[in-house]
Structure formats: C-alpha cells, structure tokens
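Remarks on the structure that follows.
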Amino acid sequence: QVELVETGGGSVQTGGSLRLTCVASGSVFSGFSMAWYRQAPGNEREFLVALDRSGLMTYYADSVRGQFAVSRDNNRNEGYLLMTKLKTEDTAVYYCAASASAQAIVISGDMDSWGKGTLVTVST
C-alpha cells in the first residue's frame, strides 16, 4: 500500500492558480493509478480527475475540465494538480488517492490509499 501526502494548499484570490503535489512513499508509485478529489464544507466528497499509471490517460469531471490539469512524475514519486482560474466555490480540502486496481483509471472512489488532504481557500 502506498502512503500519500498532499502539499501546496493555501489561500489564493479568485482568478489565481495553485499547484498541489501528492508525494507517494512506501510502494512503487508507478504501480498505482491516481485520482484527485475534494470536499467542501457541508458537501460530499467530489471526484475531480483520474490519471493512469503512465500519466497518459486522464478523465476529468465536467466541473473542472479545462480549469484543472493533472500530471505525475513516477521518477519523483509525485503527482500534481494544477488549478487555474480559481473561484470561491473551489474552496475545499483536496485529496489525492491511489489505486492498485487492474483498471487503467478508477473514478468510483474505491481507492486503496488516501492522503489526509490539503486545504485550498479561494477568496475575493
């Protein structure tokens, strides 16, 4: 099982950008597909994007397609989420997750490992 730690959260003004990093340890990161989720106060966890082991196949939720971009560097055991044109409604705790499933990408939320999350606050 891989251990995940998210970094890069913080406060930003509307229209700004942030890049989140997901640092993996404990297992070979390239053996896992990954995904990013978020949970805003009072809301359920929301799927954002999934990325396969190679980093070549992605699947974005409609809510963030064109605004967020996912990538990974298996040599560094890191995944990334670049968030642009941020809006107040993007305020949430952001989580990365990893799956050892045989599926190329997993969007069901049935992941093997989760990070503890990083808070992103977008204000006017």
Should Val2 and Val5 be counted in the same cluster of Ile, Leu, Val, Met, Phe, Trp and Tyr side chains packed under 4.5 Å apart? no
Which residues share a side-chain contact (heavy atoms from CB on, under 4.5 Å) with Ser54, sequence neighbours left out: Asp52, Leu56
Mind listing the closest non-hydrogen atom pair of Gly117 and Glu6 along with its distance? N-OE1, 2.8 Å
Of all pairs that satisfy ring pair (Phe, Tyr, Trp, His ring centres under 6.0 Å), the ones with a partner from residues 85-104, not counting sequence neighbours: none
Considering all heavy atoms of both residues, which atom of Ala104 and which atom of Met57 are nearest to each other, and what is their separation? CB-SD, 3.8 Å
Side chain to side chain contact (heavy atoms under 4.5 Å, CB included) between Leu48 and Phe68: does it pass, once the steps are laid out? CA-CA 9 Å; Leu48 300 177; Phe68 290 2; 4.2 Å; yes
Could you check if a side-chain atom of Arg72 sits within less than 4.5 angstrom of a side-chain atom of Phe29, using non-hydrogen atoms only? yes
If you define the side chain from C-beta out and look only at heavy atoms, does anything of Leu51 sit under 4.5 Å from Ile105? no
Is there a side-chain contact between Phe47 and Tyr59, using heavy atoms and a 4.5 Å cut-off? yes
Could you report the tightest heavy-atom contact between Arg45 and Gln39, atom names first, then the distance? N-NE2, 3.8 Å
Using a cut-off of 6.0 Å, state whether more than 12 heavy atoms not belonging to Arg76 lie near its atom CZ. no
Flag if over 12 foreign heavy atoms under 6.0 Å of CG, Asn43: yes
Straight-line distance of Ile107 CD1 to Asp110 CG, nearest 0.5 Å: 12.5 Å
Ignoring hydrogens, what is the shortest heavy-atom contact between Ala98 and Phe32? Give both atom names and the distance. CB-CB, 3.9 Å
Give a yes or no on whether the backbone of Gly79 and the side-chain of Asp73 come within a donor-acceptor separation of less than 3.5 Å. no
Would you call Thr58 and Tyr60 a side-chain contact if the rule is heavy atoms closer than 4.5 Å? yes
Side chain to side chain contact (heavy atoms under 4.5 Å, CB included) with Arg38: of Val120, Leu81, Val64, only one passes, and it is Val64
Side-chain heavy atoms of Lys87 within contact of Gln67, under 4.5 Å: yes
What pairs meet the ring pair (Phe, Tyr, Trp, His ring centres under 6.0 Å) rule with one or both residues in residues 105-124, with sequence neighbours excluded? Tyr37-Trp114
Quick check for you: to the nearest 0.5 Å, what is the distance between Glu78 atom CD and Ser25 atom OG? 11.0 Å
Can you confirm whether Val12 sits close enough to Thr121 that some side-chain heavy atom of one is under 4.5 Å from a side-chain heavy atom of the other? no
Flag the pair Val93 / Thr118 as yes when at least one side-chain heavy-atom distance between them is below 4.5 Å, and no otherwise. no
Mind listing the closest non-hydrogen atom pair of Arg53 and Ser33 along with its distance? CG-N, 3.8 Å
Has the side chain of Ser27 got a donor or acceptor atom that lies under 3.5 Å from a matching backbone atom of Gln1? yes
Consider only side-chain N and O atoms of Ser63 and Glu46, and report whether a donor and an acceptor are under 3.5 Å apart. yes
Hey, any chance Leu86 and Val49 share a hydrophobic cluster, counting ILVMFWY side chains that come within less than 4.5 Å of each other, even indirectly? yes
Set out, in order, the CA-CA distance, both residues' side-chain angles and the distance that settles side chain to side chain contact (heavy atoms under 4.5 Å, CB included) for Met83 and Leu20, then state yes or no. CA-CA 8 Å; Met83 307 184 295; Leu20 305 182; 3.8 Å; yes
Around Glu89, counting heavy atoms of other residues, nucleotides and ligands shown, do more than 12 lie under 6.0 Å from its CD? yes
Sort out for me which residue in Val70, Asn77, Leu4 forms a side chain to side chain contact (heavy atoms under 4.5 Å, CB included) with Cys22. Leu4
Taking Ser99 for the side chain and Val106 for the main chain, is one N or O donor matched with an acceptor at less than 3.5 Å? no
Strictly below 4.0 Å, N to O, side chains only: are Asp90 and Lys85 in salt-bridge contact? no
Arg19 to Tyr80, cation-pi by 6.0 Å centre distance and 45° axis angle: yes
Ser113 side chain to Ala97 backbone, donor-acceptor under 3.5 Å: no
